[in-house]
Amino acid sequence: GRSADVVRWCADHDAIVTLGNHDLHMLAVWTGGREARKRDDFLDVLEAPDANELTQWLLGSPLTYHLADHDVLVVHAGILPSWTVREAIAIGCEVELLLQDFEDPKMFFEDMYGNKPARWNDGRKGASRYRCAINALTRMRILNKKEKMEFDFSSVYKEIPKKWCAWFDHHGRKDRDTTVVFGHWSALGVRKFKKANVVCLDGGVRWGRELAAMRVEDRKIVKVSAA
């Protein structure tokens, strides 16, 4: 793979990237908090001569990024319906600060894994709080009516069971004024959900489909075939 080339290009060009579940898993492997899996395709990053610089650059990257002038929020997976955009940014910042200042990064990443708690409670503290936040921002796709995250579904939009819904369709969603741009859910493809005011930009380039970008000024989407 050429993951190292991509990360290096982003770092060299001062790109702003939002961390996703695979980035965090890679950093967990780097710190020794997790062992690599056979399907992991980022090992060229960890074996690169500048691996330390690349991983340190990623550790300094955000989980959310708000383009205030255009009112666009960029996040890997999504934000919980009960969060306002401002709250989502603040919760993401909590995790970012931990990533950058945690005394034992290995312990941080060891505690990151797991599907519970699957519902957000603002009173939570410690590992259960940041695990839930990370799962929402980097892994979430669907919820039940009580805003519990369900992790056993990754298929297409029209096949979501009636007892569940996409995170952006949840009836309790507070903040729909800001356009949320996300990836993670490649089965959705590149798609605008106008009523929900969200845009999925995951064109499945990893699976040989397409790479997509959105121009924030007018929300125009450009796609390039992986071929």
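All values derive from a computational prediction rather than experimental measurement.
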Donor-acceptor contact below 3.5 Å, side chain D202 vs main chain G189: no

If Ile, Leu, Val, Met, Phe, Trp and Tyr residues are connected whenever their side-chain heavy atoms lie under 4.5 Å apart, and connections chain through other members, are V17 and W9 in the same group? no

In one Ile/Leu/Val/Met/Phe/Trp/Tyr side-chain cluster, 4.5 Å: I91, L98: yes

Audit row: E210, V190, side-chain contact (heavy atoms from CB on, under 4.5 Å) steps and yes/no: CA-CA 9 Å; E210 57 192 10; V190 180; 3.7 Å; yes

Please check if the side chain of R139 supplies one atom and the backbone of N115 the other of a donor-acceptor pair under 3.5 Å. no

Rounded at 0.5 Å granularity, tell me how far CH2 in W185 sits from CZ in R141. 7.5 Å

Charged N-O contact under 4.0 Å between R129 and D122: yes

Could you tell me whether D41 and R206 have a side-chain N and a carboxylate O separated by less than 4.0 Å? yes

Heavy atoms only: give me the nearest D71-T178 pair and the separation to one decimal. OD1-OG1, 2.8 Å

With the side chain counted from C-beta on, respond yes when F168 and V180 share a heavy-atom pair under 4.5 Å apart, and no when they do not. no

Charged N to carboxylate O under 4.0 angstrom, D111 versus R131? no

D5 side-chain N/O to R2 backbone N/O, donor-acceptor pair under 3.5 Å: no

Look up atom CG in L27 and atom CZ in R34, then write down how far apart they are to the nearest 0.5 Å. 14.5 Å

Look only at the side chain of R219 and the backbone of M214, and say whether a donor-acceptor pair between them is shorter than 3.5 Å. no

Would you call the rings of Y157 and F193 parallel, tilted or perpendicular, where under 30° means parallel and over 60° means perpendicular? tilted

Would F108 and V95 count as a side-chain contact (heavy atoms from CB on, under 4.5 Å) if you check the C-alpha gap in whole Å, the side-chain angles of each, and the deciding distance to 0.1 Å? CA-CA 10 Å; F108 174 92; V95 179; 4.2 Å; yes

Compare all side-chain heavy atoms of V199 with those of I221 and state whether any distance is below 4.5 angstrom. yes

Are the side chain of K174 and the backbone N or O of S82 linked by a donor-acceptor pair below 3.5 Å? yes

Minimum heavy-atom separation for I142 and W164, please, with both atom names. CD1-CE3, 3.0 Å

Side chain to side chain, L143 and E150, heavy atoms closer than 4.5 Å: no

With a 3.5 Å distance limit and no angle check, can you tell me whether D40 reaches the backbone of R37 through a side-chain donor-acceptor pair? yes

Using the rule that two of Ile, Leu, Val, Met, Phe, Trp, Tyr join whenever any of their side-chain heavy atoms come within less than 4.5 Å, decide whether L67 and I16 are in one cluster. yes

Side chains of F182 and L188, heavy atoms from C-beta outward: is any pair under 4.5 Å? yes

In terms of hydrophobic clustering (I, L, V, M, F, W, Y; side-chain heavy atoms under 4.5 Å; direct or indirect links), are L99 and M107 co-clustered? yes

Going through the checks in order, is the side-chain contact (heavy atoms from CB on, under 4.5 Å) test met by L46 and V29? CA-CA 9 Å; L46 305 186; V29 174; 3.6 Å; yes

Could you check H25 against F109 for ring-ring contact (aromatic ring centres under 6.0 Å, His included), going step by step and ending with a plain yes or no? CA-CA 8 Å; H25 174 58; F109 286 114; 9.6 Å; no

Under a 3.5 Å distance rule, please check whether E96 uses its side chain to pair with a backbone N or O of G60 as donor and acceptor. no

Checking R215 now: which residues fulfil salt bridge (charged side-chain N to carboxylate O under 4.0 Å, His left out) with it, not counting sequence neighbours? D218

Please tell me whether L59 and M26 are part of a single hydrophobic cluster in this structure, the criterion being side-chain heavy atoms less than 4.5 Å apart. yes

For the NZ atom of K145 and the SG atom of C165, what is their distance to the nearest 0.5 Å? 9.5 Å

Taking R124's backbone N and O only, do any of them form a donor-acceptor pair with S128's side chain (distance below 3.5 Å, no angle check)? no

Apply side-chain contact (heavy atoms from CB on, under 4.5 Å) to V74 and H66, showing your working. CA-CA 6 Å; V74 182; H66 187 215; over 6 Å; no

N/O donor-acceptor pair under 3.5 Å between D175 side chain and V85 backbone: yes

Look only at the side chain of T138 and the backbone of N135, and say whether a donor-acceptor pair between them is shorter than 3.5 Å. no

